[in-house]
Amino acid sequence: RSAAHAFGPRVVGVVLTGWLDDGTAGIWAIKERGGTAVVQHPDDAFAPAMPLNAIKHVEIDHIVPLKDIAPLLVRLTETPAAEEGARPVSEEMEIEVKIAREDGALESGIMKWGEPSFYACPECHGVLLQLKEGENFRFRCHTGHAYSVDSLLAEFGEKTEESLWSAIRALEENVLLMRDLAKHFGDRHDGADAEALLTKANEAQRRADLVRQAVMNHDNLSREKVAGSD
């Protein structure tokens, strides 16, 4: 994006093999400023998700196998670029480049970047702004954290898993405490209280086992996984 901002149509962007949808927003920015987009052919990629996402959401100039990319780049660098200024820098790109320079997001005008969404930033819990680029969505919060659709799904999945493990830890600590107390009451010949605590401990252990099962069955989502489940 910074290169597109500075050099416009003289920029060539390349998306190679990779998971999730990294690279799509950058290629969009390059095309927005009149640059050239190159993507490794998905059939040639070890991990085709990144090339597929770029192809789906951006008008790509060249889709070629890996072995053809280097010769293509040589040819492109020998081809005159379009005239500067034909595609001016958008306000949204100007704001994001300022944030990349570590200017304050609020001072850079982030609240004008997109529409408020219903979602909270998984890092700082601020409201995420949503920007639509063609058929693609991206998100930023007021402090500047940025997410694609897939990276946001992945981050929410990780936070969910962390919360579930925290719940397991809390439940199992409660189980240990109640069992220790039951032993203490048993040693004092207070059988009724000991039995009640053991019953509660067993109930808590069953809840912990259910949460553990949910963790083991939890699967972080991406658009690729959702599409594959249809």
- Residues two or more places apart in sequence or in another chain: which of them pass side-chain hydrogen bond (donor to acceptor under 3.5 Å, both in side chains) with D22? none
- Note on the structure: The salt bridge (charged side-chain N to carboxylate O under 4.0 Å, His left out) partners of E92 (sequence neighbours excluded) come to none
- Only counting residues at least two apart or in another chain, list the ones meeting side chain to side chain contact (heavy atoms under 4.5 Å, CB included) with E203. T199, K200, R206, R207
- Query: Of the non-hydrogen atoms in T17 and F46, which two are nearest, and what is the gap between them?
  - Reply: OG1-N, 3.3 Å
- Sorted by chain and number, sequence neighbours left out, salt bridge (charged side-chain N to carboxylate O under 4.0 Å, His left out) with K67 holds for none
- Task: Nearest 0.5 Å please: distance from the CE atom of M50 over to the CG atom of D150.
- Result: 11.0 Å
- Task: Apply salt bridge (charged side-chain N to carboxylate O under 4.0 Å, His left out) to D103 and list each qualifying residue two or more places apart in sequence or on a separate chain.
- Result: R101
- Testing D21, T24, N53 for side chain to side chain donor-acceptor pair (under 3.5 Å) with S148, which one passes? D21
- Kindly indicate, with the supporting measurements, whether the criterion salt bridge (Lys or Arg N to Asp or Glu O under 4.0 Å) is fulfilled by K112 and E91. CA-CA 9 Å; K112 297 185 290 183; E91 183 179 24; 3.2 Å; yes
- Kindly compute the distance separating OG (S117) from CG (L152), expressed to the nearest 0.5 Å. 8.0 Å
- Pairwise distance CE(M216) to CG(D209) - rounded to 0.5 angstrom: 12.5 Å
- Message: I'd like to know if the side chain of D44 and the backbone of L66 have a donor-acceptor N/O pair within less than 3.5 Å.
- Response: yes
- Note on the structure: Checking R33, E32, E96 against S90 for side chain to side chain contact (heavy atoms under 4.5 Å, CB included), the one that qualifies is E32
- Query: Do you reckon F118 sits in the same ILVMFWY cluster as F156, going by side-chain contacts under 4.5 Å, direct or chained?
  - Reply: yes
- Task: Just jot down the side-chain hydrogen bond (donor to acceptor under 3.5 Å, both in side chains) partners of T143, sequence neighbours excluded, or say none.
- Result: H145
- Message: Side-chain heavy atoms nearer than 4.5 Å, only ILVMFWY residues, links allowed to pass through others: does that put I63 and L52 together?
- Response: no
- Task: Answer with yes or no whether the hydrophobic clustering places L16 together with V38; edges join I, L, V, M, F, W, Y residues whose side-chain heavy atoms lie under 4.5 Å apart.
- Result: yes
- Query: Would you say the side chain of E162 lies within less than 4.5 Å of the side chain of K159, judging by non-hydrogen atoms?
  - Reply: yes
- Run the side-chain contact (heavy atoms from CB on, under 4.5 Å) check on T36 and I30 step by step: do they pass? CA-CA 7 Å; T36 303; I30 289 169; 5.9 Å; no
Distance-only donor-acceptor pairs under 3.5 Å for side chains of residues 121-133, two or more places apart:
residue: E123; atom: OE2; partner: Y147; partner atom: OH; Å: 3.0
residue: E133; atom: OE1; partner: R138; partner atom: NE; Å: 3.0
residue: E133; atom: OE2; partner: R138; partner atom: NH2; Å: 2.9

- Identify the two heavy atoms, one from P51 and one from P42, that lie closest to each other, and give their separation to 0.1 Å. CB-CG, 4.1 Å
- Message: If the condition is salt bridge (charged side-chain N to carboxylate O under 4.0 Å, His left out), which residues does K31 pass it with, not counting sequence neighbours?
- Response: D61
- Query: Going through the checks in order, is the side-chain contact (heavy atoms from CB on, under 4.5 Å) test met by V64 and H41?
  - Reply: CA-CA 5 Å; V64 295; H41 198 292; over 6 Å; no
- Item | side-chain hydrogen bond (donor to acceptor under 3.5 Å, both in side chains) partners of H142, counting only residues at least two apart | none
- Query: Taking all non-hydrogen atoms of both residues, which atom of V15 and which atom of G23 are closest, and how far apart?
  - Reply: CG2-O, 4.1 Å
- Task: Flag yes if I99 and M93 sit in one hydrophobic cluster, no otherwise; membership is Ile, Leu, Val, Met, Phe, Trp, Tyr, and two members link when side-chain heavy atoms are under 4.5 Å apart.
- Result: no
- Task: Before accepting this row, confirm whether a basic side-chain N of the pair E107/K98 lies closer than 4.0 Å to the acidic partner's carboxylate O.
- Result: no
- Note on the structure: The single option from D68, L76, V39, I69 that satisfies side chain to side chain contact (heavy atoms under 4.5 Å, CB included) with H62 is L76
- Message: What verdict does the side-chain contact (heavy atoms from CB on, under 4.5 Å) test give for W113 and R140, after you've listed the backbone C-alpha separation in whole Å, the side-chain angles of each residue and the deciding distance to 0.1 Å?
- Response: CA-CA 8 Å; W113 181 80; R140 275 189 180 272; 3.8 Å; yes
Could you go through residues 175-185 and list every donor-acceptor pair under 3.5 Å that involves a side-chain atom there, pairing it with any protein atom two or more places apart or in another chain?
residue: R179; atom: NH2; partner: N202; partner atom: OD1; Å: 3.4
residue: K183; atom: NZ; partner: D187; partner atom: OD2; Å: 3.3

- Message: Applying side-chain contact (heavy atoms from CB on, under 4.5 Å) to R1 and V97, what does each step give before you reach the verdict?
- Response: CA-CA 7 Å; R1 185 178 298 109; V97 169; 4.2 Å; yes
- Contacts of type side-chain hydrogen bond (donor to acceptor under 3.5 Å, both in side chains), residue S108, not counting sequence neighbours: none
Only pairs under 3.5 Å count here: list side-chain donor-acceptor contacts from residues 7-14, not counting sequence neighbours, and write none if there are none.
residue: R10; atom: NE; partner: E84; partner atom: OE2; Å: 3.2

